2 protein chains.
Amino acid sequence: MRGGSASDAVGVLDRMTAILEAFDHDDRGLGISELALRAGLPKSTVSRLVATLVRQRYLERDGKHLRLGLRVFELGQLAEQPRDLRAAALPVMAELRHRTGGHVHLAIRDRHEMVCIAVMRGNAPAQPIARIGGRLPIHATALGRAVLAHASAASVDEAVAAGLTALTPRTITAPDALRRQLAAVRRSGIAVDVEEFAVGVSCAASPVFAPSGALVAALSVSGRTDRFDADATAAAVRDAAFRLGRRLGGDGPPRG
Amino acid sequence: MRGGSASDAVGVLDRMTAILEAFDHDDRGLGISELALRAGLPKSTVSRLVATLVRQRYLERDGKHLRLGLRVFELGQLAEQPRDLRAAALPVMAELRHRTGGHVHLAIRDRHEMVCIAVMRGNAPAQPIARIGGRLPIHATALGRAVLAHASAASVDEAVAAGLTALTPRTITAPDALRRQLAAVRRSGIAVDVEEFAVGVSCAASPVFAPSGALVAALSVSGRTDRFDADATAAAVRDAAFRLGRRLGGDGPPRG
DNA sequence: GGCGGCTGGTCCATTCAGTGGAACGCGGTC
DNA sequence: GACCGCGTTCCACTGAATGGACCAGCCGCC
């Protein structure tokens, strides 16, 4: 029983996670073979595990198409950190959208990536935005740099070690340039990204601190570069991030 | 290695689901012992499985408190059925809220329960509503009866067999009364619940059919009984449910 | 301080649940 | 008919999962 080829899964649970994470947001139903391929597991193993996951409603099957099931959706709604943050942030985000007209994002850090927790579409015409639950590179987005600027040196090293992949011609890829950027973000309280993540899109983000001083998230507004008033947007974002921070319950347990 | 005491879990995956489902929406962090108790599993087993789940980021640990992790949130956002439905429904729901002022819910059926997929708060003062991801009894809510009315007789039997629990003094608990209700819903196209689920709250719901004719969800508006205009609300809900159905992409694969 | 009760973590012999290659049945297309 | 891909099933093998017992730390109490 040697480990699978992908993500050196060893336990049953690791195999299961390999299966669940083989699902992508744009595929409508995977077959067993495709799933086994993506997860790097033998077909027979996948077939058996999938049967259990379907029984537990973590997967749904429609003929030979498998999809993520209702239970996963339900559980996802129970995750506290995203839920509490969203609840506190939605009014602030709505007002921020109203003030700026741009797309508003809230994201938290997960290792060397940012995970999008809430999105509010502005009246900018197109520019599809990071999905809720989607991941963004930490080095190439204002959201990421807003939190990275206030994180430990080790965190920055980790991000650098993960590779500063270029997503557009303007993406920062030099480690020392990134560090200089982060220092600037610390001074100004605002991180700005001009077409580093997607061509034609600019973004301003600010870190969100809980009353305890803990860094918990980042808030951003993005829009088309040609209509982007960086100064005004930055001021609005910084203000909103500050107000959001004050709304957070000291990040201690509210039920105690 | 006899099975655990709760939910006759036999495989590792079943044990894992028992652990994940031990989390409730209102507890802020569980310890290993409490978790083992709820899941009906030995502490040592829970301790080991939890370690893997934390490593895979399905759980997060903060000292001795365990919470559902980011990965669960991410995966939950990938579940297609809720995501597609929500996307199609949000504009319709917004307009429905605007027309009626009540709380708007969208739910789908899962066996003998309804799972809430989207919620939009109306301007009714209090009356907290079913959470997104929350479950509602199928027999005691307008949402549930709206879909049950158009489901197979076997489905109704299943719901009856699951037990018609009374939640308020007005909850329908007699199987034949329920069946008569369902026939009335079929005739009128609208299900109404007056304080059967919660005292002081009334609700009107309509089934949502895809263009293919498949029954996919239910849409509802709820509000305080003393301000509830059943006829006007019912008309608005029925209209919105019809328009939502037409927005659904024939429930075939949109990417083909 | 010493106790009892709680917490979570770790051992380790036992053994059963999980494994996966091979074989199978099915529904397509060439 | 041969072939290919699909998903499922079989079954001997074995190592991964098990869980009772034990250990260590923490807190409150007497």
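So that the names make sense, note that chain A is the first sequence line, chain B the second, and so on, each numbered from 1. Keep in mind the model is a prediction, meaning the values are calculated, not measured.
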Requested in this report: Could you tell me whether the side chain of Arg186(A) and the main chain of Ala149(A) form a donor-acceptor pair under 3.5 Å?
Outcome: yes
Expected output: side-chain Arg109(B) to main-chain Arg111(B) donor-acceptor under 3.5 Å = yes
Bend of the helix from dG1(C)-dC30(D) to dG27(C)-dC4(D) from end-axis comparison, five pairs per end, nearest 10°, comes to 30°
Between atom [atom1] in [X] and atom [atom2] in [N], what is the gap in whole Å?
X: Leu35(B); N: dG8(C); atom1: CG; atom2: C1'; value: 12 Å
X: Met16(A); N: dA17(D); atom1: CE; atom2: C1'; value: 15 Å
X: Leu13(A); N: dT18(D); atom1: CG; atom2: P; value: 9 Å
X: Leu49(B); N: dG19(D); atom1: CG; atom2: C1'; value: 12 Å

| said: Does this structure show an ion pair linking Glu60(A) with Arg67(A), if we count only N-O contacts that are shorter than 4.0 Å? | reply: no
- prompt: Is Asp110(A) salt-bridged to Arg71(B), cutoff N-O under 4.0 Å?
  reply: no
inquiry  = Check this for me: Arg131(A), atom CZ, are more than 12 non-hydrogen atoms of other residues, nucleotides or ligands nearer than 6.0 Å?
reply    = yes
Between Leu148(A) and Ala159(A), the two heavy atoms sitting closest are CD2-CB, 4.0 Å
Quick tally for nucleotides 5-11 of chain D: nucleotides whose base has a protein heavy atom under 4.0 Å get B, sugar-phosphate-only ones S, the rest -, giving -SBSB--
Contacts satisfying ring pair (Phe, Tyr, Trp, His ring centres under 6.0 Å) that involve residues 129-152 of chain B (not counting sequence neighbours) are His150(B)-Phe209(B)
Strictly by modelled atom types, are Ser155(A) and Ser152(A) linked by a side-chain donor-acceptor pair under 3.5 Å? yes
- Task: Report yes if at least one side-chain N or O of Thr45(A) is closer than 4.0 Å to OP1 or OP2 of dG20(C); otherwise report no.
- Result: yes
